[in-house]
2 protein chains.
Amino acid sequence: MNGKNNPEWHRNFRQRGMRITEPRKAILEVLNNTTEHLSAEEIYMSVHRTYPNVGLTTVYRNLELLEEMGIIAKFHFGDGRSRYELIHSPQKPGHHHHLICTGCKQIIDYDDFVEEEIELLTKVEQALSAAHNFQITGHTIQFYGICHACRGNL
Amino acid sequence: MNGKNNPEWHRNFRQRGMRITEPRKAILEVLNNTTEHLSAEEIYMSVHRTYPNVGLTTVYRNLELLEEMGIIAKFHFGDGRSRYELIHSPQKPGHHHHLICTGCKQIIDYDDFVEEEIELLTKVEQALSAAHNFQITGHTIQFYGICHACRGNL
DNA sequence: TCCTTAATGAAAATGATTTTCATTAACAAT
DNA sequence: ATTGTTAATGAAAATCATTTTCATTAAGGA
Ligand SMILES: [Mn+2]
Ligand SMILES: [Mn+2]
Ligand SMILES: [Zn+2]
Ligand SMILES: [Zn+2]
């Protein structure tokens, strides 16, 4: 729960001429303390408990900003809303990918084989950069399937 | 341009008790003749030229259906609308992945290293299935970056 | 040709995200 | 500590993709 006072964020913010506000600290705090992949509205509701006067609009605005700054990642898991995750968080494995249950929509972080995946990705990235004259900045890997519980309910 | 009369689709449709209609043939025809990843509205506009009385709602409904049938794939590339692609098309490489320019939003199909990617994915899928008791049915791999043209405009 | 009902199209509804605009508050300068 | 500048905010309205509703049409088996 020291997330909101992380000096690196402060530095990052101030460098850009951005101010450190209550809503911003609150949003980072929420993301810092969850293992989930929250939507804007979920983050809003969570922030709202402690700061009832923070608006949903502000949450959206700051999520966009934090993504641009490379502090959070935005995902589309196919349920029609964007979901966000702190890139460096005590609650998460390091670099990981996602397993999505198309039944119950749960999202599982995994890092099995991530080293090997990264190794191949690095190779592919180099090849693609050369072949398509394209500078790669990131990737998304997601597996879709049915979790154990959902398989039971068929 | 024989897409719309593909006997396999016909069989597929009839098996499900589904009727073969003009809008359906038109949508498949459009997807069969493009190398792009069209949105529902883009497909609608294209269909509209030949069949001005086909509505956008019908396009949405049939895209959903075709996806369930495994005939087309639906993607989220981050521009706020879903995009669709025929899974087997004369206009496309076989199994491929995507390279997305965050500048101009263009999408490049690639199949360099796809065999190796698939090989690793298969391995990862098996491990994940076992470790998380999860039955994997599909995956998404996307690379994000900046294309040559967009790099020039910085 | 007739009948059943799957499929359609127009319009309205929904739901996530963005825009507008008047007000507030962060923080650098005093 | 006080003040001034302007980045940031919140409420409400607007936007935009997608879905729902419902009356009408037409595929295709009988
Ligand atoms: Mn995650
Ligand atoms: Mn493609
Ligand atoms: Zn599940
Ligand atoms: Zn580009």
Side-chain angles (χ1 to χ4, degrees), chain A residues 4-5 7 9-28 37-69 71-72 74-84 105, chain B residues 4-5 7 9-28 37-69 71-72 74-84 105:
Chain A
K4 71 175 164 192
N5 294 314
W9 294 336
H10 282 222
R11 225 181 302 127
N12 243 304
F13 274 68
R14 306 270 54 263
Q15 276 180 350
R16 292 198 164 210
M18 287 170 51
R19 297 170 183 179
I20 294 165
T21 64
E22 284 302 320
R24 282 172 186 170
K25 286 188 284 188
I27 291 166
L28 286 170
H37 303 79
L38 301 174
S39 67
E41 182 147 30
E42 286 166 346
I43 293 166
Y44 162 71
M45 291 188 301
S46 184
V47 165
H48 192 265
R49 276 181 232 121
T50 317
Y51 301 91
N53 40 351
V54 170
L56 178 56
T57 309
T58 297
V59 172
Y60 271 108
R61 272 191 292 237
N62 283 308
L63 288 172
E64 188 182 349
L65 219 57
L66 290 167
E67 195 203 358
E68 283 171 20
M69 297 171 71
I71 292 175
I72 67 177
K74 177 182 187 173
F75 296 98
H76 297 99
F77 293 124
D79 67 343
R81 70 193 83 185
S82 299
R83 295 184 169 276
Y84 304 83
K105 314 296 183 196
Chain B
K4 71 174 164 193
N5 294 312
W9 293 336
H10 281 222
R11 225 181 303 124
N12 243 304
F13 274 67
R14 305 274 51 265
Q15 275 179 351
R16 292 198 164 210
M18 287 171 52
R19 297 171 183 178
I20 295 163
T21 64
E22 284 303 317
R24 282 173 186 169
K25 287 189 283 186
I27 291 166
L28 285 169
H37 303 79
L38 300 175
S39 67
E41 182 147 29
E42 285 166 346
I43 293 166
Y44 162 70
M45 291 187 300
S46 185
V47 165
H48 192 265
R49 275 181 233 122
T50 318
Y51 302 90
N53 40 351
V54 170
L56 179 56
T57 309
T58 296
V59 172
Y60 271 107
R61 271 192 292 238
N62 283 308
L63 289 172
E64 188 182 350
L65 219 56
L66 291 167
E67 194 203 359
E68 284 170 20
M69 296 172 71
I71 291 174
I72 67 176
K74 178 181 187 175
F75 296 99
H76 298 99
F77 293 125
D79 67 342
R81 70 193 83 186
S82 300
R83 293 184 170 277
Y84 304 83
K105 315 295 184 196

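Numbers restart at 1 for each chain; the letters A, B, ... are given by sequence-line order, proteins then strands. Source: prediction; values computed, not measured. Hydrogens, waters and symmetry mates play no part in the numbers below; they use all other heavy atoms, side chains included.
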- [ ] Starting from C1' on C/dA7, measure out to CZ on B/Phe13 and report it in whole angstrom.
- [x] 12 Å

- [ ] Would you mind telling me which residue lines up with the more 5' stretch of DNA chain C, B/Thr57 or B/Glu22, judged by nearest nucleotide?
- [x] B/Glu22

- [ ] Write down the distance between CE (A/Met45) and C1' (C/dA16), rounded to a whole number of angstrom.
- [x] 13 Å

Open item on the list: Could you tell me how far apart B/Met18 (CE) and D/dA26 (P) are, to the nearest whole angstrom?
Closed with: 18 Å

- [ ] Rounded to the nearest angstrom, tell me the gap between atom CD1 in B/Ile27 and atom P in C/dG9.
- [x] 9 Å

- [ ] Respond yes when some side-chain nitrogen or oxygen of A/Thr21 is under 4.0 Å from OP1 or OP2 of D/dT9, and no when none is.
- [x] yes

TODO: Would you mind reading off the distance between A/Ile20 atom CD1 and D/dT6 atom P, rounded to a whole angstrom?
DONE: 20 Å

Open item on the list: Using a heavy-atom cut-off of 4.0 Å across all strands, would you classify B/Ser82 as base, sugar-phosphate, or nothing?
Closed with: sugar-phosphate

Open item on the list: Tell me whether the side-chain N/O atoms of B/Tyr60 come closer than 4.0 Å to OP1 or OP2 in D/dT19.
Closed with: no

Task: Phosphate-side-chain proximity, A/Arg19 and C/dA28, N/O vs OP1/OP2 below 4.0 Å - done: no

- [ ] Check whether any side-chain nitrogen or oxygen of A/Arg24 sits under 4.0 Å from OP1 or OP2 of D/dT9, and answer yes or no.
- [x] yes

Open item on the list: Check this one for me: any side-chain N or O of B/Arg61 less than 4.0 Å away from OP1 or OP2 of C/dG9?
Closed with: no

TODO: Can you tell me the distance, in whole Å, between the OH atom of A/Tyr44 and the P atom of D/dT9?
DONE: 14 Å

Task: Short side-chain N/O contact from A/Thr58 to OP1 or OP2 of D/dA8, under 4.0 Å - done: no

Task: Gap between atoms CZ and C1', on B/Arg14 and C/dA6 respectively (whole Å) - done: 10 Å

Open item on the list: Measuring to OP1 and OP2 of D/dT9, would you say a side-chain N or O of A/Asn62 lies under 4.0 angstrom away?
Closed with: yes

